[in-house]
Amino acid sequence: MKEVDLEGKAEESQPPYHVLARNLLYPGSHTHRFPVPDEKVPWEGFDQCDGLRSGTLALSQPAHSLPARNPMGRTGLRGRGRLRCFGPNHALHPVVTRWRRNLDGSIIRKSLKKMLEVLVAQYPLSDVWALPGGSLEPGETLPLKLKWILRREFWSQFQNLLKQGTEIHKGYLDDPRNTDNAWVETVAVSVHFDNQNDVEMKRLNSFLQGCDPELCIRWQVLDKRIPLHANHKELLHKVSTLLGAYY
């Protein structure tokens, strides 16, 4: 797998601290985080306990008994929330793209740049589209959410595509499920099909499936207005930068 350094390019406009991890309402619950302003995000320089919340999620300064501390600073909640374990929760996010084309096969451009299409999925009980990836279970090499959209016969071939792809991000992911003591770390890999007659792309299309009637899969035009999770859009921005494409 190739690695590229996109720091200072796609991330120029990113805020210095995590943002989604400080959303006041914790997802899938009625729990509210304690508001943490930017200057209070770093652990150093603010030692007083911020307070507590009832239930399994509580406020910011982690108790000494908790086993891990978010490397990006305070989130306004302590505990592990909806994440599987304390500390880093590992994930994999493939970013599968192809060029957007006219009927005659020519690549569509906007503002002189080539336009991309990205493979996205809408999972049951979700009202937003997402990249076809997610949490990795211990010992697994492909996320369960990715397996949902690929027929089993294509799993090993997709792993080969990932090995040939380009790593665009590795490490902390700003995620609304993150807490002071549990967070998501992901590896994001760009898998790009440059040729519309690419045999592997045709095989991928033929092996896409919906194992659930409420699961939707599609190729989506890629630009900054794409209806996707905010942290996934940051990964798409990096892919656009890598390929010199419109965003």
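Just so you know, these numbers use all the heavy atoms, side chains as well, and skip hydrogens, waters and symmetry mates.
- Between Y26 and T75, the closest side-chain pair of non-hydrogen atoms is not below 4.5 Å.
- Members clustered with L83: L173, V184, by chain and number, using a 4.5 Å side-chain heavy-atom cutoff among hydrophobic residues.
- Cluster partners of L112, using a side-chain heavy-atom cutoff of under 4.5 Å among ILVMFWY residues and allowing indirect links: none.
- The minimum heavy-atom distance linking A21 with N178 is given by the pair CB-CB, 3.8 Å.
- No single ILVMFWY cluster, assembled from side-chain heavy atoms under 4.5 Å apart, contains both F86 and M72.
- Expressed to the nearest 0.5 Å, how far OG1 of T97 lies from NE2 of H192 amounts to 5.0 Å.
- Using a 4.5 Å cut-off on side-chain heavy atoms (C-beta onward), W183 and R177 make no contact.
- Residue pairs meeting the salt bridge (Lys or Arg N to Asp or Glu O under 4.0 Å) criterion with at least one member in residues 96-108, sequence neighbours excluded: R98-E117.
- Using a 4.5 Å cut-off on side-chain heavy atoms (C-beta onward), S190 and K238 make no contact.
- Not counting sequence neighbours, Q164 has no partner by the side chain to side chain donor-acceptor pair (under 3.5 Å) test.
- Annotation for G79 and T179: closest pair O-OG1, 2.6 Å, computed over non-hydrogen atoms.
- Listed for the N181 side chain is a donor-acceptor partner under 3.5 Å among the backbone atoms of A68.
- Residue D174 comes nearest to H18 through the heavy atom pair OD1-CB, 3.4 Å, listed as atom of the first residue, atom of the second, then distance.
- Annotation for L20 and A230: closest pair CD1-CB, 3.9 Å, computed over non-hydrogen atoms.
- Between L161 and F154 the shortest heavy-atom distance is CD1-CZ, 4.2 Å.
- F158 is linked by a ring-ring contact (aromatic ring centres under 6.0 Å, His included) to nothing, counting only residues two or more places apart in sequence or in another chain.
- Side-chain contact between Y17 and R22 is present, with heavy atoms from C-beta onward closer than 4.5 Å.
- By the side chain to side chain donor-acceptor pair (under 3.5 Å) test, R203 pairs with Q157, sequence neighbours left out.
- Of the possible donor and acceptor atoms, none in the side chain of H32 sits under 3.5 Å from a partner among the backbone N and O of P35.
- Note on M115 and L222: separate hydrophobic clusters, where clusters join Ile, Leu, Val, Met, Phe, Trp and Tyr whose side-chain heavy atoms are under 4.5 Å apart, directly or indirectly.
- A donor-acceptor pair under 3.5 Å is absent between the side-chain atoms of Y172 and the main chain of P71, judged by distance alone.
- Taking the side chain as every heavy atom from C-beta outward, L77 and F34 never approach each other to under 4.5 Å.
- Across every non-hydrogen atom of L236 and V95, the tightest pair is CD2-CG1, 3.5 Å.
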side-chain contact (heavy atoms from CB on, under 4.5 Å) between W155 and T141, intermediate numbers included: CA-CA 10 Å; W155 290 357; T141 55; over 6 Å; no
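- Under the 4.5 Å side-chain criterion, counting only non-hydrogen atoms from C-beta, Y246 is not in contact with V221.
- Partners of H229 under the side-chain contact (heavy atoms from CB on, under 4.5 Å) rule, at least two apart in sequence or in another chain, are V128, A130, N231, H232.
- Here OG1 of T186 is found 4.5 Å from NE2 of H93. Values are rounded to the nearest 0.5 Å.
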Test log, rule side-chain contact (heavy atoms from CB on, under 4.5 Å), inputs L144 and E137: CA-CA 8 Å; L144 178 60; E137 297 299 320; 5.6 Å; no
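- There is a path of hydrophobic side-chain contacts, each under 4.5 Å, that joins W148 to L92.
- The salt bridge (charged side-chain N to carboxylate O under 4.0 Å, His left out) test applied to R225 returns D223, not counting sequence neighbours.
- With sequence neighbours left out, W129 forms a ring-ring contact (aromatic ring centres under 6.0 Å, His included) with no residue at all.
- Taken from CZ in R33 to OG1 in T31, the straight-line distance is 10.0 Å, to the nearest 0.5 Å.
- Note that CD1 of I108 is 13.0 Å distant from NZ of K114, once rounded to the nearest 0.5 Å.
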Residues I168, V189; criterion side-chain contact (heavy atoms from CB on, under 4.5 Å); working and verdict: CA-CA 6 Å; I168 57 166; V189 180; over 6 Å; no
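- Taking CG from L136 and CG from N89, the interatomic distance works out to 10.5 Å, rounded to the nearest 0.5 Å.
- Qualifying salt bridge (charged side-chain N to carboxylate O under 4.0 Å, His left out) partners for R151, counting only residues two or more places apart in sequence or in other chains: E153.
- For K170, the side-chain contact (heavy atoms from CB on, under 4.5 Å) partners at least two apart in sequence or on another chain are E167, V187.
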Intermediate values then yes/no, side-chain contact (heavy atoms from CB on, under 4.5 Å), W99 and L116: CA-CA 5 Å; W99 297 119; L116 287 167; 3.4 Å; yes
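- Linking Ile, Leu, Val, Met, Phe, Trp and Tyr whenever their side-chain heavy atoms come within less than 4.5 Å puts F207 and L119 in one cluster.
- Every residue two or more places apart in sequence or in another chain that forms a ring-ring contact (aromatic ring centres under 6.0 Å, His included) with Y247 is listed here: H237.
- The cluster map of Ile, Leu, Val, Met, Phe, Trp and Tyr, joined by side-chain heavy atoms under 4.5 Å apart, puts L24 and V41 in different clusters.
- Atom CD of Q196 sits about 8.5 Å away from atom CD1 of I107, to the nearest 0.5 Å.
- Looking at heavy atoms from C-beta onward, F193 lies in side-chain contact with L204 at the 4.5 angstrom threshold.
- Here the side chains of K202 and N197 are in contact, with some heavy-atom distance below 4.5 Å.
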